[in-house]
Asks: 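Just passing along the structure, written as structure tokens.
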Protein chains: 2
Amino acid sequence: MKHDRTQPKPSIPDIVIGRLPVYLRTLRLLADEGREVTSSQELGEHLGISSAQIRKDLSHFGEFGKQGTGYNIDFLCRQLQKILNVDRIWPVMLVGAGSLGTAIANYQEFESSGFRIVSVMDEDPQKIGQPIGIGLVIENFATLQRRVQELGVQIAVMAVPAHAAQRVANQLVEAGLNSILCYAPITLAVPAHVRVEYIDPVVHFQHMTYYLRAE
Amino acid sequence: MKHDRTQPKPSIPDIVIGRLPVYLRTLRLLADEGREVTSSQELGEHLGISSAQIRKDLSHFGEFGKQGTGYNIDFLCRQLQKILNVDRIWPVMLVGAGSLGTAIANYQEFESSGFRIVSVMDEDPQKIGQPIGIGLVIENFATLQRRVQELGVQIAVMAVPAHAAQRVANQLVEAGLNSILCYAPITLAVPAHVRVEYIDPVVHFQHMTYYLRAE
DNA sequence: TAGATTGTTAATCGATTAACAATC
DNA sequence: TAGATTGTTAATCGATTAACAATC
């Protein structure tokens, strides 16, 4: 007997959302190979997960397959792109124009995935004004607030040294950004409305060495 | 009544192992700030997880704290380093000397975390022989097998284009490597004894945009 | 002693999987 | 029709959390 009228939680587990980009990536790879349909079983084998999990994950969002046949790859791609809101191009602000920042600015594949680096910033006067990436110029980090507004950016990538990361993050938050991809090896303190994801190769290396023994 | 004599599974959940590097990273940060002790509560607040989880995770490996006091940071760091096998330096092979590979080769902080890039390889004859990183020279990928043996490497980082990734991975496996950190946006097919971890910024971006609406 | 915090247990919560009716 | 595969349910499995005795 439910007397509670409020919708308790129709919300989809975050862990499911986290797998969708990987599904999408794999489907696009299959599409590139000229494939037109696939099955949860095939996808699962590709990804090393169970077909049941894939079907369950997708079932949170609708019915995308056909019994006996499987999934039309193009159709499922488009659906996943809609679900993930990457049926458009999101402008991204890159902070930090060092070696890593330069690599990120040079990366050509963001565009086809729904993202475009529209501005690169650094604090180093030596770097400000230098060209970077494709048609960009390193801008003064001091102009962050204004540029965020001008460009309508919500997402930032931080490629700055660890010692600068929290300070930079504070400024990003103050400038109104709500999504940060952080390459600095530090857990940031941010308000609850800001989402941060982390990329730290050392975390992966150390995870792997747990299972290794010296040769 | 257990009649089964075989140890069923004293093995520690992989998800627990995956958090240890983050704990270690945070503890070292606290140590750098001159702090000597911390508590599961403080750590949990830093990391946005519950203190119970931290205590439970650590309890898989022993007792590292003192009631009423908490954890000695230096001691816990050392213990975690031992557990993760990073109380030594692991040689790492970097494959791909493009923009991203160069950034990885330049990154100074691997050493203090237990890793050293000992060789950088590429297929491009234009690149082979060029200096990269600190005291390294880009080597011919064709010499992989020999170099892996000479250097006693078990771990590789792949910073190659997606279209080359599976082929490169096959060669890494053939050369005897068992741990791969893959920056290419593709799920690799490898034998069961090889562990692969992935870094793909697009996966993180797309995870974040699920929660965003256009401004 | 009083206060704080651990390590551990048991309960809760949530995620994965097996199985199968539906149906292409 | 026979074979294949979906979407979904219920069961299983595993991870997280709350709570607390132990004890520094």
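Reminder, nothing fancy here: chain letters follow the sequence lines and each chain counts from 1. Values below: every heavy atom of this structure, side chains too, minus hydrogens, waters and symmetry copies.
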Asks: Taking pairing as Watson-Crick or G-U wobble with both contacts under 3.5 Å, can you name the mate of D:dT16, or confirm there isn't one?
Replies: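 Its partner is C:dA11.
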Asks: Let's see if you can work this out: which of C:dT16, D:dG7, D:dA19 has an atom nearest to the side-chain heavy atoms of A:Ile15?
Replies: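 Taking heavy atoms from C-beta onward, the closest nucleotide is C:dT16.
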Asks: Rounded to the nearest 0.5 Å, what separation is found between the OH atom of B:Tyr183 and the CG atom of B:Leu181?
Replies: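 So the gap between those two atoms works out to 5.5 Å.
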Asks: Take atom NZ of B:Lys56 and atom P of C:dT9, then tell me their distance rounded to the nearest Å.
Replies: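 After rounding, the gap between these two atoms is 9 Å.
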Asks: Using a cut-off of less than 4.0 Å, is there contact between a side-chain N or O of B:Ser40 and OP1 or OP2 of C:dT6?
Replies: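 Affirmative; the distance criterion is met.
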Asks: Can you tell whether the side chains of B:Glu123 and B:Arg167 come within less than 4.0 Å, N to carboxylate O?
Replies: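 Answer for the salt bridge query: yes.
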Asks: Given A:Ser113 and A:Arg28, is the side chain to side chain donor-acceptor pair (under 3.5 Å) satisfied, shown in steps?
Replies: CA-CA 10 Å; A:Ser113 304; A:Arg28 293 182 63 170; 4.6 Å; no
Asks: Nearest-Å distance, CD (B:Gln41) to C1' (C:dG7)?
Replies: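 In whole Å, C:dG7 C1' and B:Gln41 CD are 16 Å from each other.
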Asks: Measure CD1/B:Ile54 against P/C:dT6 and give the value in whole Å, please.
Replies: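 Rounding to the nearest Å, CD1 of B:Ile54 and P of C:dT6 are 9 Å apart.
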Asks: Where the side chain of B:Ser59 is defined as all heavy atoms beyond and including C-beta, which of D:dA15, C:dT5, C:dG7 is the nearest nucleotide?
Replies: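 Nucleotide nearest to B:Ser59's side chain: C:dG7.
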Asks: Using whole Å, what does the distance between atom P of nucleotide C:dT6 and atom CZ of B:Phe61 come to?
Replies: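 That distance rounds to 17 Å.
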Asks: Looking only at the side chain of A:Ser50 (C-beta and beyond, no hydrogens), which of the listed nucleotides C:dT9, C:dT17, D:dC24 gets closest?
Replies: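 Side chain of A:Ser50 sits closest to C:dT17.
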Asks: Can you check the A:Leu76 CG to D:dT6 C1' distance for me, whole Å?
Replies: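 It is 13 Å, rounded to the nearest whole Å.
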Asks: Just verifying a value: how many Å separate B:Met93 CE and B:Met158 CE, rounded to the nearest 0.5 Å?
Replies: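 Those atoms lie 13.0 Å apart.
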Asks: Side chain of A:Glu63: nearest nucleotide among D:dT16, D:dG7, C:dT16?
Replies: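 The nucleotide sitting nearest to the side chain is D:dG7.
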Asks: Let's see if you can work this out: which of C:dT17, C:dT6, D:dT5 has an atom nearest to the side-chain heavy atoms of A:Gln67?
Replies: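 When the side chain of A:Gln67 is considered, D:dT5 is the closest of C:dT17, C:dT6, D:dT5.
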Asks: Could you let me know what D:dA22 is paired to, Watson-Crick or G-U wobble, both distances under 3.5 Å, or none if it's on its own?
Replies: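 WC or wobble partner is C:dT5.
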Asks: What is the distance, to the nearest angstrom, from the CG atom on B:Asn72 to the C1' atom on C:dT6?
Replies: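 So the two atoms are 15 Å apart, to the nearest Å.
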Asks: In terms of side-chain heavy atoms, does B:Asn178 have a donor or acceptor partner in B:Gln154 at a distance below 3.5 Å?
Replies: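 The answer is yes; a qualifying pair exists.
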Asks: Would you kindly give the CD-to-C1' distance between B:Gln53 and C:dT6, to the nearest whole Å?
Replies: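 Taking atom C1' of C:dT6 as the reference, CD of B:Gln53 is at 16 Å.
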Asks: For the OH atom of B:Tyr210 and the CG atom of B:Leu212, what is their distance to the nearest 0.5 Å?
Replies: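 So the OH of B:Tyr210 and the CG of B:Leu212 are separated by 12.0 Å.
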Asks: Return the 5'-most residue of the pair B:Asp14, A:Phe64 with respect to DNA chain D, ranking by each residue's nearest nucleotide.
Replies: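 This one resolves to A:Phe64.
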Asks: May I have the distance from B:Ile17 (atom CD1) to D:dG14 (atom P), rounded to whole angstrom?
Replies: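 Taking atom P of D:dG14 as the reference, CD1 of B:Ile17 is at 16 Å.
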Asks: Closer to the 5' end of DNA chain C via nearest nucleotide, is it B:Ser51 or A:Arg55?
Replies: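 The 5'-side residue here is B:Ser51.
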Asks: Under 4.0 Å: is that the gap between some side-chain N or O of A:Tyr71 and OP1 or OP2 of C:dC24?
Replies: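 For C:dC24, neither OP1 nor OP2 has a side-chain N or O of A:Tyr71 closer than 4.0 Å.
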Asks: Does A:Arg19 place a side-chain N or O at less than 4.0 Å from the phosphate oxygens OP1/OP2 of C:dA15?
Replies: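 False: A:Arg19 side-chain N/O out of range (4.0 Å or more) of C:dA15 OP1/OP2.
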Asks: From C-beta outward on B:Lys66, which listed nucleotide comes closest to its side chain: D:dT9, D:dC24, C:dA18?
Replies: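 Closest nucleotide to the B:Lys66 side chain: D:dC24.
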